[in-house]
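The structure under discussion appears below in the form of C-alpha cells.
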Amino acid sequence: MDLFGIPAPLLFGQVLLGLINGAFYALLSLGLAVIFGMLNVINFTHGAQFMMGAFVAWMLLEWLGIGYWGALLLAPLIVGATGIIMERLMIARLYKLDHLYGLLLTFGLGLIIEGLFRNEFGSSGLPYRIPVELQGAWDLDFMFMPVYRGWVVLVAFVMCLATWLVIEKTKIGSYLRAATENPALVQAFGINVPRMMTLTYGAGVALAAFAGVLAAPIYSVNPQMGSNLIIIVFAVVVIGGMGSILGSVLTGFGLGIIEGLTKVFYPEASSTVIFVVMALVLLARPAALLGRS
Amino acid sequence: MTIQRRAAFGVAAALPFAGARGQAAQTIRIGVLNDQSGPYRDISGPSGVQCALQAVAEFGSRGFNVEVINADHQNRPDVGVNIARQWYDQGVDMIIDVPTSSVGLAVNNVAREKNKAYINTGSATSDLTGAQCSPNTIHWMYDTYMLAKSTGAAMVRAGGDTWFFITADYAFGHALERDTGNFVRGAGGRVLGSVRYPFPATTDFSSFLVQAQASRAKVIGFANAGADTINSIKQAAEFGVTRRGTKLAALLMFLPDVHSIGLETAQGLVLTESFYWDLNARTRAFTDRMRPRLRDVVPNMASAANYSATLHYLKAIADMGVAASKASGIDVINRMKAMPCDDDAFGAGTIRLDGRKLCPAYLFEVKAPAESRGRWDYYKLVQTTPAEEAFRPIGEGGCALVRS
C-alpha cells in the first residue's frame, strides 16, 4: 500500500522517528516553558545547559567511573546546582526589567559556557556509549527500532506528565502558579517567593541537563550540540504558547512528526518547516495554541 | 596564545606604521583564516595555526622576517571575504587554510582580484582547481575528486555497486556527491537515490538512514563532514544499518572525527586521507616536533597541510626575493609551481599548472579497539594511490589556465 507515493510502512516508520525527535523537543521546551511561566525569563542558556548535561555524563563516566544510570540522576542535580548559582548571582537581578534583558543575559551566558567547553574539550566531540541494558533493536520488519530510542520516548513522556502534574495538581504547584500571578500577595502569605523562583530555575535547568544525558549516547557530545536545538525548541515554546506547559509538550511531539514527514517529502526544508508553522500559528492566533493572551 | 580576530585586525592595521619602512618591506605576512569556534575547529583551528608557526620556526631566518596572524571566519562566506579583503589591503601577503568550501571559493575570488597568494588547505571542493581555478591559488592536500576516487572506487571494487547518498546541502556536499557518483557509475555501479539535508541545522539522521535502507542500496555514502559525519555514523550503528549487510562510506573523515566516534563504533570504516601521523618515519618525526605546540593532540591532514604549504611558500619567497614576491601574487604561485616540494609531513611532491598540489592518497581502515595501542593509534593502511593517479586528470577539470 502506498500513501502519497511512499510505501505505508516506511511512512509509519518516519512518523515514529518524528515522535522520538519530538520527545527531545518536548523535554527541552518543557524546561523552557516552566522557567518562562514562573520567572518571565526566556532562558537562552537552555541549549548550553542541555550540552552541559551530556558533558557531565561523560565526565562522570571518564573521571569517576559512574555510568549512564548514575548520570541520569546526578548530572541534572549538578547542572541544576550551577543553574541555581547563576540565578542567584545574575538572573535574579533582571526580574523587574523587560524580557529582553533576561534574553540577552542568558544568550550571552550560553555563548560563554559553550566557548569554555570548546576551549577545554575541542569541537569534534566525545564518545559516549549506549548502556548495555538498552543496546540492541527491535526488528519491526519495515525498520529497525533501536531499544534506546523507545526508552527516550517513554522517559520523556513520563517526565512531561510528572512535571505537568506537579505544577497543576500539587500544593507546591499552586504556590508557583499563584506567585506568577501576583508575587507580592503570595509573599504576604509568608511564602518565600524568591527562593521558590530560584528552585524553579534550578528545576528547569535540571530538565535540560536530563535531556542532555538522554541525548549523549545518540548525538555527538560536542559544545555546539545545544545551539543547534535551542532555536527549534524556542519555536516550539512560542507555538505552544509562551509558558504553557501542556502547549509545549503537545507542540514538541507534534512538530517532531511534522519535521519527520518533511524529511521524507522535501528534506531540504526540514529545518525550515518548524518556523513556517510558527509564522502561520502566530498569524492566525497571536496568543499561540494554548497561550495566555 | 591565539590572536583573536579583533586583535589580529589591530596588529594588521598597525603594520604599515611599525618601525622603519625598510624593515616592513622585509617582512612576509601570512594570515591563517579558519574555523576557530565552530564544527571544524578541531580539524585545523588553533592547531592549524600552530602548524604554520612550526613551519616558520623550522624555516629560520633567511634575510627576512615572517609574521603569522590568524582569524575566525565562522564558516560564513561574508565574514571570510571581509577578513581576506582587509588583510590583503593591510599588507598580508598570503592567506592559508580556509576550510568550508563556500568560504574557500569566496576567498579565492578576493585573492585573484588583489593579485595576492592564496593556499587553500581546508576546503574540499574540486572546483578550486576546476571551473573556478585561479593563477593566484594552490589547493593543497585533498579534494572531493581524490576522496571519491580512493574511497568510492575501493567500495565498488569490494562489491558495493549500488549507492544511496546522504548529502549536506551546500557546495561541498554537492561536489562530493557528484564526484563519487561519477566514480560509482564509471565502475559499473548505480546510484539509487540521495537526500540533501539542511546544513548545519541537522542533528538527527535516523530518518535519512531509514530512507537509505529502504532503497536497498548496498552502500550508504555520507557526503558530509565533521559533527554531521559523526552523528550519521553513530546513528547508523544504533539503527543496525550494517547488521543487514549495508556498508557505510564516510567520504570525508579526519582523525579527530574517528576519535570522537570511538573505535567501538568506528571500527572497520574505510576512509581516505593524504596524511597520517604514524604513516612513516618522517611523519612520526614531524609529529614529535609538533608535540610541544599541540599538547596531547596529533596533527591531522588539514593542520599538517598548513605546515607543508607554509614551508614551501617560504622556500619560494627565499628563492625569488621579498620585493619580487610582494609585487605579484601570481609570480609567487608560479615560482611555487616551478619548485619541487619536499617536507616531512607529505614527502616529495609537485604542484600542477591548475594549482593542484599532488600527493598520494591513502586508503585507511579504522582499527578495532583490540588492535589499537592507545590514543590516536586508529588507522591501518589498506591501499596507496600514487600522486599522479590520485587526482582528477589536468585536462578534465575545465580549468582555464590549462587551456591557455
Side-chain angles (χ1 to χ4, degrees), chain A residues 6-7 9-10 13-14 16-18 20-21 24 111 114-115 118-119 121-130 135-139 142-149 215 217-225 227-229 231-232 256 259-264 266-272 274, chain B residues 2 35-43 45-47 166-167 169 194-211 213-215 226-241 243-244 254-266 297 300:
Chain A
I6 309 273
L10 184 61
Q14 296 294 345
L16 201 59
L17 292 172
I20 298 167
N21 282 334
F24 275 109
L111 290 180
E114 213 182 292
R118 192 178 293 118
N119 251 8
F121 297 100
S123 64
S124 52
L126 306 164
Y128 195 88
R129 293 182 56 195
I130 296 175
Q135 282 175 4
W138 294 298
D139 196 342
F142 56 93
M143 67 175 268
F144 261 63
M145 174 69 185
V147 176
Y148 189 80
R149 299 255 171 167
I218 46 178
Y219 296 139
S220 163
V221 180
N222 66 50
Q224 52 280 349
M225 68 189 283
S227 55
N228 293 331
L229 276 174
I231 304 291
I232 294 176
E259 193 193 50
L261 291 175
T262 314
K263 282 177 172 172
V264 182
Y266 190 54
E268 286 89 336
S270 58
S271 64
T272 337
I274 286 177
Chain B
T2 45
D35 177 5
Q36 308 252 336
S37 59
Y40 302 145
R41 182 183 191 269
D42 282 4
I43 290 165
S47 66
I166 296 179
T167 304
D169 194 11
S194 73
V195 280
R196 291 183 170 181
Y197 68 83
F199 174 86
T202 304
T203 46
D204 189 72
F205 292 85
S206 54
S207 167
F208 310 128
L209 289 164
V210 170
Q211 291 180 49
Q213 268 186 307
S215 76
D228 288 358
T229 309
I230 294 167
N231 276 328
S232 306
I233 288 168
K234 265 184 114 161
Q235 290 164 21
E238 191 198 349
F239 277 80
V241 169
R243 246 180 298 175
R244 288 184 169 177
F254 292 88
L255 195 65
D257 300 331
V258 175
H259 183 67
S260 167
I261 297 170
L263 291 186
E264 188 69 41
T265 306
V297 182
N300 65 67

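What you see below is based on every heavy atom in this structure, not just the backbone, and it leaves out hydrogens, waters and symmetry mates. Chain naming here is simple, since letters A, B, ... match the order of the sequence lines and numbering starts at 1 in each. Because the structure is predicted, anything quoted here is derived from the model rather than measured.
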Practice task
Report yes or no: is the cationic atom of A/K263 (NZ for Lys, CZ for Arg) under 6.0 Å from the centre of the six-membered ring of B/Y197, at an angle within 45° of the ring normal?
Solution key: no
Exercise for the section: Supply the atom-to-atom distance B/S207 OG to A/L261 CG, rounded to the nearest 0.5 angstrom. Expected result: 9.0 Å
Practice task
Working to the nearest 0.5 Å, report the span between CG of B/N231 and CG of A/N222.
Solution key: 7.5 Å
Problem - Heavy-atom side-chain proximity of A/N119 to B/R41 below 4.5 angstrom - result: yes
Handout entry: Gap between atom CD of A/E268 and atom CZ of B/F199 - 0.5 Å precision
Key = 15.0 Å
Practice task
Mind checking salt bridge (charged side-chain N to carboxylate O under 4.0 Å, His left out) for A/E114 and listing every partner two or more places apart, or none if nothing turns up?
Solution key: A/R118
Exercise for the section: Any chance you could measure A/L17, atom CG, to B/F208, atom CZ, to the nearest 0.5 Å? Expected result: 10.5 Å
Problem - Under 3.5 Å: donor-acceptor pair, side chain of B/Q235, backbone of A/Y219 - result: no
Handout entry: Shortest non-hydrogen contact between A/S271 and B/P198, atoms and distance
Key = OG-CB, 3.2 Å
Problem - Which atom of B/Q211 lies closest to which atom of A/V264, heavy atoms considered - result: NE2-CA, 3.6 Å
Practice task
Examine whether an atom of B/Y40 lies under 4.5 Å from a heavy atom of chain A, and if so say whether it belongs to the side chain, the backbone or both; otherwise answer neither.
Solution key: backbone
Fill in the blank from the handout: Bottom line for B/D204: the part with an atom under 4.5 Å from chain A's heavy atoms is both
Practice task
With the side chain counted from C-beta on, respond yes when A/F24 and B/T203 share a heavy-atom pair under 4.5 Å apart, and no when they do not.
Solution key: no
Exercise for the section: Would you check if the side chain of A/S123 reaches a backbone N or O of B/D42 as a donor-acceptor pair within less than 3.5 Å? Expected result: yes
Completion exercise
Correct closest heavy-atom pair for A/L126 and B/K234 would be O-NZ, 4.3 Å
Handout entry: Structural part of B/I230 lying under 4.5 Å from a heavy atom of chain A
Key = side chain
